[in-house]
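Accompanying notes for the structure given below.
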Amino acid sequence: MDSSEKEKKEYQQAVKNLSPKSPIIKDCVWAFFSGGAICTIGEALRKWFEMYSLGKDNTALLVNIVLIGASAILTGFGLYSKMGQRCGAGTIVPITGFANSMVSPSIEFKTEGFILGLGAKMFTVAGPVIVYGLTTSMIVGVIHYFLAG
């Protein structure tokens, strides 16, 4: 074993020893209940909008608008990141997490201006999600087309 491999192993061991131990069960419980709470809020909104007989499409649209708007506002005030620290993936998975991933870089780089700051950095996190999500959906669509064909 040469010295660089030995240094890498020593470094990895030091990182492992110094890294805090993650309470996986506790984190999973927090993620489950926080994600469930967000989805429950979405369902309550859907039921509330249905009372106004807006139709299925308009109701779904309004629920998404409210959830995305609330996420963006909470991100702007720095509250969504605090929720994310406690709840983990529970705040990332629903549509609110996507809104947060769009707003956070925009806020961080707003001092660089609207074009090179806000506009350019808005998609640093969400861009790959959009690209690979669309690519995957197109591949699955083509496979479905030929298999169902």
Side-chain angles (χ1 to χ4, degrees), residues 1-47 49 57 59-149:
M1 177 182 332
D2 67 348
S3 64
S4 67
E5 287 181 36
K6 185 178 177 184
E7 288 175 8
K8 285 181 185 177
K9 286 188 178 191
E10 288 174 358
Y11 176 76
Q12 290 172 348
Q13 186 62 38
V15 167
K16 185 178 178 182
N17 292 340
L18 295 173
S19 296
K21 305 299 180 231
S22 177
I24 294 175
I25 300 297
K26 180 181 164 188
D27 290 348
C28 288
V29 169
W30 270 104
F32 177 80
F33 283 107
S34 60
I38 292 170
C39 294
T40 301
I41 291 168
E43 185 65 17
L45 286 168
R46 184 182 72 81
K47 292 288 189 185
F49 287 130
D57 290 340
T59 298
L61 178 65
L62 285 171
V63 169
N64 286 327
I65 288 171
V66 170
L67 290 175
I68 290 169
S71 174
I73 291 168
L74 290 172
T75 300
F77 285 114
L79 299 174
Y80 204 88
S81 63
K82 289 179 183 175
M83 285 177 19
Q85 289 172 351
R86 169 61 85 180
C87 302
T91 58
I92 295 171
V93 176
I95 194 168
T96 54
F98 184 75
N100 173 262
S101 73
M102 295 287 289
V103 175
S104 292
S106 300
I107 292 170
E108 185 176 339
F109 294 101
K110 70 181 176 186
T111 57
E112 295 180 27
F114 284 110
I115 308 268
L116 297 176
L118 189 128
K121 303 297 183 179
M122 184 182 298
F123 293 99
T124 55
V125 175
V129 173
I130 294 169
V131 169
Y132 291 111
L134 287 173
T135 303
T136 303
S137 67
M138 289 189 314
I139 291 169
V140 169
V142 168
I143 291 170
H144 181 316
Y145 176 79
F146 286 112
L147 292 179

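In this structure a side-chain-to-backbone donor-acceptor pair under 3.5 Å is present from Ser101 to Phe98. Of the possible polar contacts, one joining the Thr136 side chain to the Tyr132 backbone as a donor-acceptor pair under 3.5 Å is found.
With hydrogens and angles left out, the side-chain atoms of Asn100 and Thr75 include a donor and acceptor closer than 3.5 Å.
You'll find the side chain of Lys9 stays beyond 4.5 Å of the side chain of Glu5, heavy atoms only.
Applying the side chain to side chain donor-acceptor pair (under 3.5 Å) test to Ser34 and every residue at least two apart in sequence or in another chain returns nothing. With sequence neighbours left out, the side chain to side chain donor-acceptor pair (under 3.5 Å) criterion links Asp27 to Ser22.
Taken to the nearest 0.5 Å, the CD atom of Gln12 stands 8.5 Å off from the NZ atom of Lys8. Taking CE from Met83 and CH2 from Trp30, the interatomic distance works out to 10.5 Å, rounded to the nearest 0.5 Å. Of the inter-residue distances, the one linking Ile143 atom CD1 with Met138 atom CE reads 12.0 Å to the nearest 0.5 angstrom. The CD1 atom of Ile95 sits 11.5 Å away from the CD1 atom of Ile38 when rounded to the nearest 0.5 Å. With values rounded to the nearest 0.5 angstrom, Thr40 atom OG1 is found 11.0 Å from Leu45 atom CG. If you take NZ on Lys47 and OG1 on Thr59, they are separated by 11.0 Å, rounding to the nearest 0.5 Å.
Scanning both residues, Gly97 and Tyr80, for their nearest heavy atoms gives N-OH, 3.4 Å. Among all heavy-atom pairs drawn from Lys16 and Lys21, the shortest one is O-NZ, 3.3 Å. The two residues Thr96 and Thr91 make their nearest non-hydrogen contact at OG1-O, 3.9 Å.
Heavy atoms from other residues, nucleotides or ligands lying under 6.0 Å from CG of Asn17 number more than 12. A 6.0 Å sphere centred on CG of Leu134 holds more than 12 heavy atoms belonging to other residues, nucleotides or ligands.
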